There are 2 protein chains.
Amino acid sequence: MSSVGIRSTRQRSAVTSALTELNDFRSTQEIHEYLKERGDSVGLTTVYRTLQALSSAGEVDAILREDGESIYRMCSPAHHHHLVCRSCGLTVEVEGPTVEKWADSVSAEHGFSSVSHTLEIFGLCPTCS
Amino acid sequence: MSSVGIRSTRQRSAVTSALTELNDFRSTQEIHEYLKERGDSVGLTTVYRTLQALSSAGEVDAILREDGESIYRMCSPAHHHHLVCRSCGLTVEVEGPTVEKWADSVSAEHGFSSVSHTLEIFGLCPTCS
DNA sequence: AACGAACTTGACAATCATTTTCATTAAGCA
DNA sequence: TGCTTAATGAAAATGATTGTCAAGTTCGTT
């Protein structure tokens with residue numbers, strides 16, 4: 001009857017394995033390029049669709065870079081944020097349970113639901129200071 | 001000799017007055033449209049440039065919507081964050097001394113200086129839930 | 001093992017926000 | 001008033017993302 005299946009295809013496993021290997025935030029275009037160079041070519045459109053599907057399924061993290069481009073990465077066990085050097089790009093992952101709790105309570109206070117948040121810290125790293 | 005002036009023009013005051021009147025987050029395109037309808041037409045390119053200039057001068061708040069489009073609004077006096085409804089765009093300003101302190105200490109821990117941060121919370125407001 | 005409905009794919013065209021180009025216009029100082 | 005230079009804006013360019021649709025696959029069913 002109604003099997004609303006998500007099928008497993010070569011393309012899908014290619015994308016997830018690329019994400020696993022890269023283990024870092026990458027844009028759709030970069031992942032597409034990576035797969036092409038590796039000889040495991042997947043259509044650009046398909047990479048877009050797959051990443052979006054994985055993202056809304058909660059299987060990958062998606063963040064919006066400052067220039068508006070979306071970048072994806074295999075979901076890491078814990079939700080965290082980034083401390084980015086404005087000059088050299090060095091990125092440090094930081095966690096903030098305090099912040100998470102704060103965001104949740106503020107949202108609840110105002111009656112918001114289905115909340116998500118973005119938090120990035122920019123500055124100059126020790127080397128670039 | 002070297003007069004590195006920022007000149008005051010009709011277009012610039014049109015953009016700032018539009019921002020003041022609207023008093024809400026709007027996209028560049030929306031502001032451009034608003035000015036055109038009001039008969040105080042300003043080129044789209046100029047609106048883009050003006051908003052970016054105002055933003056980097058710290059005179060307006062700029063945030064990146066989840067779809068990647070930039071939206072701007074007149075700066076309010078104190079540093080604060082936004083709780084934005086994904087559906088209707090309703091924006092609530094929220095303050096978070098906790099978050100500020102957390103961001104500062106995390107940065108210090110990693111030796112970062114000149115730090116700034118962005119934090120936006122997206123969700124569904126009570127009406128849109 | 002073959003069938004077939006529904007899901008997937010991918011080349012290409014279409015969108016759409018934003019940027020670049022560059023010739024024209026206008027601020028503001030001397 | 002004149003002149004230097006910033007500012008403007010129309011049009012073209014860019015670049016990421018989405019839509020289209022015919023052809024290819026998957027997988028439960030026969």
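Because only heavy atoms are used, hydrogens play no part in the values below, and waters and symmetry mates are left out as well, while side chains stay in. Naming: A, B, ... by sequence-line order, numbering from 1 per chain. Predicted model only: the values in this text are computed from it and were never measured.
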Is any side-chain N or O of B/T9 closer than 4.0 Å to OP1 or OP2 of D/dT8?
-> yes
Step by step, work out the side chain to side chain contact (heavy atoms under 4.5 Å, CB included) result for B/E100 and B/H117.
-> CA-CA 9 Å; B/E100 317 302 323; B/H117 63 268; 2.9 Å; yes
Atom NE2 of B/H32 to atom P of D/dA11: distance rounded to whole Å?
-> 12 Å
N/O (side chain, A/Q29) to phosphate O (OP1/OP2, D/dG15) under 4.0 Å | no
A/Y72 has an atom OH; how far is it from atom C1' of D/dA16, in whole Å?
-> 11 Å
A/S55 side chain vs A/L51 backbone, donor-acceptor pair below 3.5 Å = no
Find the distance between OG1 (A/T50) and NE2 (A/H32) and round it off to the nearest 0.5 Å.
-> 11.0 Å
Just to confirm, is there a sub-4.0 Å distance from OP1 or OP2 of C/dG10 to any side-chain nitrogen or oxygen of A/R10?
-> yes
Separation of C/dC16 atom P from B/E30 atom CD, nearest Å, is 14 Å
Touch class at under 4.0 angstrom, heavy-atom based, for A/S27 against every strand present | nothing
Rounded to the Å, how far apart are B/D67 CG and C/dT15 C1'?
-> 13 Å
Whole-Å distance between D/dG24 P and A/Q11 CD?
-> 14 Å
OP1 or OP2 of D/dC27 under 4.0 Å from side-chain N/O of A/S8 | yes
Just compare D/dA16, C/dT18, C/dT9 and give me whichever is closest to any side-chain atom of B/Y48.
-> C/dT18
Atom CG of B/L51 and atom C1' of D/dT8 are separated, to the nearest Å, by 15 Å
Does OP1 or OP2 of D/dG9 have a side-chain N or O of B/T46 closer than 4.0 Å?
-> yes
Please walk me through it: do B/E30 and B/E69 pass side chain to side chain contact (heavy atoms under 4.5 Å, CB included)?
-> CA-CA 12 Å; B/E30 285 167 342; B/E69 192 171 348; over 6 Å; no
Side-chain-base donor-acceptor pair under 3.5 Å for B/R12 and D/dA7 = no
Find the distance A/L35:CG to C/dG10:P and express it as a whole number of Å.
-> 11 Å
Within less than 4.0 Å of OP1 or OP2 of C/dT19, is there a side-chain N or O belonging to B/Q52?
-> yes
Presence of A/R49 side-chain N/O under 4.0 Å of D/dT20 phosphate oxygens OP1/OP2 | no
Proximal nucleotide (of D/dT17, D/dA7, D/dT20) relative to the B/R7 side chain | D/dA7
May I ask you to test the B/D61-B/H82 pair for a side-chain heavy-atom distance under 4.5 Å?
-> yes
Please state how far atom CG in B/L44 lies from atom C1' in C/dT21, giving the value in whole angstrom units.
-> 15 Å
